[in-house]
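All remarks here apply to the structure that follows.
Count residues from 1 along the sequence. We use all heavy atoms of the structure for the numbers below, so side chains are in, but hydrogens, waters and symmetry mates are not.
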Amino acid sequence: MTEPRRAAPARTRSGDAEPGRSSGRPPSVEGELAAPVTIIRIGRVVLGGGQPLALIGGPCAIENEKHALETAERIATIAADRRVPFIYKSSYDKANRSSIRGYRGPGLTEGLRILKKVRDTLGVPVLSDVHQVAEVAPAAEVLDVLQIPAFLCRQTDLIVAVARTGKPVNVKKGQFLAPDDMRNVVDKIVSVGNRSILLTERGTSFGYHNLVVDMRGLQDMRALGFPVVFDATHSVQLPGGAGDRSAGERKYVPALARAAVAVGIDALFMEMHEDPDRTLPDGRPLSDGPNMLRLDDLPRLLDEITSIAAALAR
């Protein structure tokens, strides 16, 4: 495999959080987004404080080592060609499934082994979600970012356990929360001395089997003083919409991604797959296949959003 181009090494270790010149809540600027107070360094990737837009992404759930390496290399190369910092995301266990029959991934031990192989082979940071306190210690040995799933964003014991590792924490805003409610989640993480926090918008419940995105929430969460991420693929999910699994509206991913970048975010989160509508060898559909972006569509979308980001920077 060819190795993607790499950015210059960061001066501080992965997970360092750097406070900005101001303290507390950033000033409110009408019609604009103030730069977040805290800059987060994750390996060679730097988020917040006006740094370039980053990409977080990969298949929803790990399938096997070969597929993970090939997919990670392809995304990393596409991102590097456009000078977009990249963090690889894939889940070792998708515990929040609609059905007992849903595909969850290879599990903690094998999944972490594969993620470590991706990180060591390609030199990219890796992110995955944790669902219970018992997973936190082994996950922290491998992952560069530990993610709190949206359904678990109010689970205090889990949040505090993840925060205590000192690793960067990405918290998905629950579909049932207002953006400003994330202040309480931030307080839990900061209470144990961890300020390496990312806050992710992933849509809000709107009736049954539907999510909507209120772009105002990106600005509201940014006011909490930490980098904000927009999850463009889960935001088009239709939870439980296929009966025993979630459905999705992939066609809206590019539009929402462009809109979020125009509002002002620090990273774009997208689950991606070369063939998201195919099935696994046992006949089961892929996890979140209907809302994953096709990898063939990534280059054009990255070209579009980097142009938007550059225009805002000017």
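Between Ser235 and Gly203, the shortest heavy-atom distance links the atoms OG-N, 3.4 Å. Closest of all the heavy-atom pairs between Ala54 and Leu47 is CB-CD2, 3.3 Å. In plain terms, the two heavy atoms of Ile197 and Phe226 that are nearest each other are O-CB, 3.5 Å. Scanning all heavy atoms of the two residues, the minimum distance from Pro59 to Met292 falls at CA-SD, 4.1 Å. In terms of heavy-atom proximity, Ile114 sits nearest to Ala68 at CG2-CB, 3.6 Å. The minimum heavy-atom distance linking Pro227 with Ile40 is given by the pair CG-CG1, 3.7 Å.
A 4.5 Å side-chain heavy-atom check between Ile62 and Ser91 finds every atom pair outside the cut-off. Counting heavy atoms from C-beta outward, Leu112 and Leu143 have side chains that approach closer than 4.5 Å. At a threshold of 4.5 Å between non-hydrogen side-chain atoms, the residues Leu301 and Met270 count as touching. The side-chain heavy atoms of Asp93 and Val130, taken from C-beta on, include no pair separated by under 4.5 Å. Tyr92 is listed as a side-chain neighbour of Glu135, based on a closest heavy-atom distance under 4.5 Å. Side-chain contact between Cys60 and Lys94: present, with at least one pair of heavy atoms (C-beta onward) separated by less than 4.5 Å. Here the side chains of Arg83 and Pro52 are not in contact, with every heavy-atom distance at 4.5 Å or above. Proximity of Ile75 to Phe86: side-chain heavy atoms (C-beta onward) are separated by under 4.5 Å at one or more points.
Side-chain atoms of Arg82 do not come within 3.5 Å of backbone N or O of Leu302 as any donor-acceptor pair. Remark: side-chain polar atoms of Ser205 are not paired, donor with acceptor, to backbone N or O of Leu211 under 3.5 angstrom. Between the side chain of Thr306 and the backbone N or O of Asp303 there is at least one donor-acceptor pair closer than 3.5 Å. A distance-only check finds a donor-acceptor pair linking the side chain of Thr233 to the backbone of Glu271 [under 3.5 Å].
Side-chain heavy atoms closer than 4.5 Å link hydrophobic residues (I, L, V, M, F, W, Y) into clusters, and following such links, possibly through other members, connects Val171 to Val190. Linking Ile, Leu, Val, Met, Phe, Trp and Tyr whenever their side-chain heavy atoms come within less than 4.5 Å puts Leu53 and Ile308 in one cluster. Placement of Tyr252 and Val263 within a single hydrophobic cluster is found when ILVMFWY residues are connected by side-chain heavy-atom separations under 4.5 Å, directly or transitively. By the rule that hydrophobic residues join a cluster once side-chain heavy atoms approach within less than 4.5 Å of another member, Val236 and Leu286 end up as members of separate clusters. Under the 4.5 Å side-chain heavy-atom criterion for Ile, Leu, Val, Met, Phe, Trp and Tyr, Met215 and Leu199 are members of the same hydrophobic cluster.
Annotation: the span from Ile305 atom CD1 to Arg300 atom CZ amounts to 13.0 Å, rounded to 0.5 Å. To the nearest 0.5 angstrom, Arg202 atom CZ is 4.0 Å from Gln175 atom CD. In this structure, Asp214 CG and Gln219 CD are separated by 11.0 Å, a value rounded to the nearest 0.5 Å. Here the CG-CD1 distance, from Asp187 to Ile159, works out to 11.0 Å after rounding to the nearest 0.5 Å. With values rounded to the nearest 0.5 angstrom, Leu55 atom CG is found 6.0 Å from Leu298 atom CG. Taken to the nearest 0.5 Å, the CG atom of Asp157 stands 12.0 Å off from the CG atom of Leu152.
Contacts classified as salt bridge (charged side-chain N to carboxylate O under 4.0 Å, His left out) and involving residues 52-65 (residues at least two apart or in different chains) are given here: Glu63-Arg278, Glu65-Arg113, Glu65-Lys117. The salt bridge (charged side-chain N to carboxylate O under 4.0 Å, His left out) contacts involving residues 49-62 comprise nothing, where partners must be two or more places apart or lie in separate chains.
Within the cation-pi definition used here (under 6.0 Å to the ring centroid, within 45° of the axis), Lys172 qualifies as a partner of Phe269.
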- Message: As a quick check of understanding, evaluate side-chain contact (heavy atoms from CB on, under 4.5 Å) for Val213 and Phe230, giving each step before the final call.
- Response: CA-CA 10 Å; Val213 178; Phe230 178 63; 3.7 Å; yes
- Output, in order, the C-alpha distance, side-chain angles, deciding distance and verdict of side-chain contact (heavy atoms from CB on, under 4.5 Å) for Leu224 and Met182. CA-CA 8 Å; Leu224 299 177; Met182 293 298 282; 3.9 Å; yes
- Message: Apply salt bridge (Lys or Arg N to Asp or Glu O under 4.0 Å) to residues Asp144 and Lys167 and explain how you reach the verdict.
- Response: CA-CA 7 Å; Asp144 297 284; Lys167 290 292 187 73; 5.6 Å; no
- Message: salt bridge (Lys or Arg N to Asp or Glu O under 4.0 Å) for Asp296 and Arg74? Distances and angles first, verdict last.
- Response: CA-CA 10 Å; Asp296 285 345; Arg74 185 175 175 189; 2.5 Å; yes
- Item | From CA spacing to verdict: side-chain hydrogen bond (donor to acceptor under 3.5 Å, both in side chains), Gln237, Asp288 | CA-CA 8 Å; Gln237 186 186 67; Asp288 277 348; 2.9 Å; yes
- Show your working on side-chain contact (heavy atoms from CB on, under 4.5 Å) between Glu249 and Asn291 and close with a plain yes or no. CA-CA 6 Å; Glu249 296 180 306; Asn291 48 264; over 6 Å; no
- Go through Ile56 and Val229 one step at a time and tell me if the side-chain contact (heavy atoms from CB on, under 4.5 Å) criterion holds. CA-CA 9 Å; Ile56 302 172; Val229 182; 4.3 Å; yes
- Task: Give the intermediate values and the outcome of salt bridge (Lys or Arg N to Asp or Glu O under 4.0 Å) for residues Arg250 and Asp277.
- Result: CA-CA 11 Å; Arg250 182 184 304 124; Asp277 294 325; 2.9 Å; yes
- Might you work through the salt bridge (Lys or Arg N to Asp or Glu O under 4.0 Å) test for Asp266 and Arg222, ending with a clear yes or no? CA-CA 9 Å; Asp266 300 285; Arg222 174 71 71 83; 3.2 Å; yes
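Between the side chains of Asn64 and His67, not a single donor N or O lies within less than 3.5 Å of an accepting N or O. Side chains of Lys188 and Thr156: a donor on one and an acceptor on the other come within 3.5 Å. With hydrogens and angles left out, the side-chain atoms of Thr200 and Asp231 include no donor and acceptor closer than 3.5 Å.
Open room surrounds CZ on Phe206; 12 or fewer heavy atoms of other groups in view lie less than 6.0 Å from it. Remark: Arg154 CZ is loosely packed, at most 12 non-hydrogen atoms of other residues, nucleotides or ligands lying under 6.0 Å away.
At a threshold of 4.0 Å, the pair Lys116-Asp120 counts as salt-bridged, since one of the basic side-chain nitrogens sits closer than that to a carboxylate oxygen. In summary, Lys173 and Asp181 do not engage in a salt bridge, as defined by a charged side-chain N under 4.0 Å from a carboxylate O.
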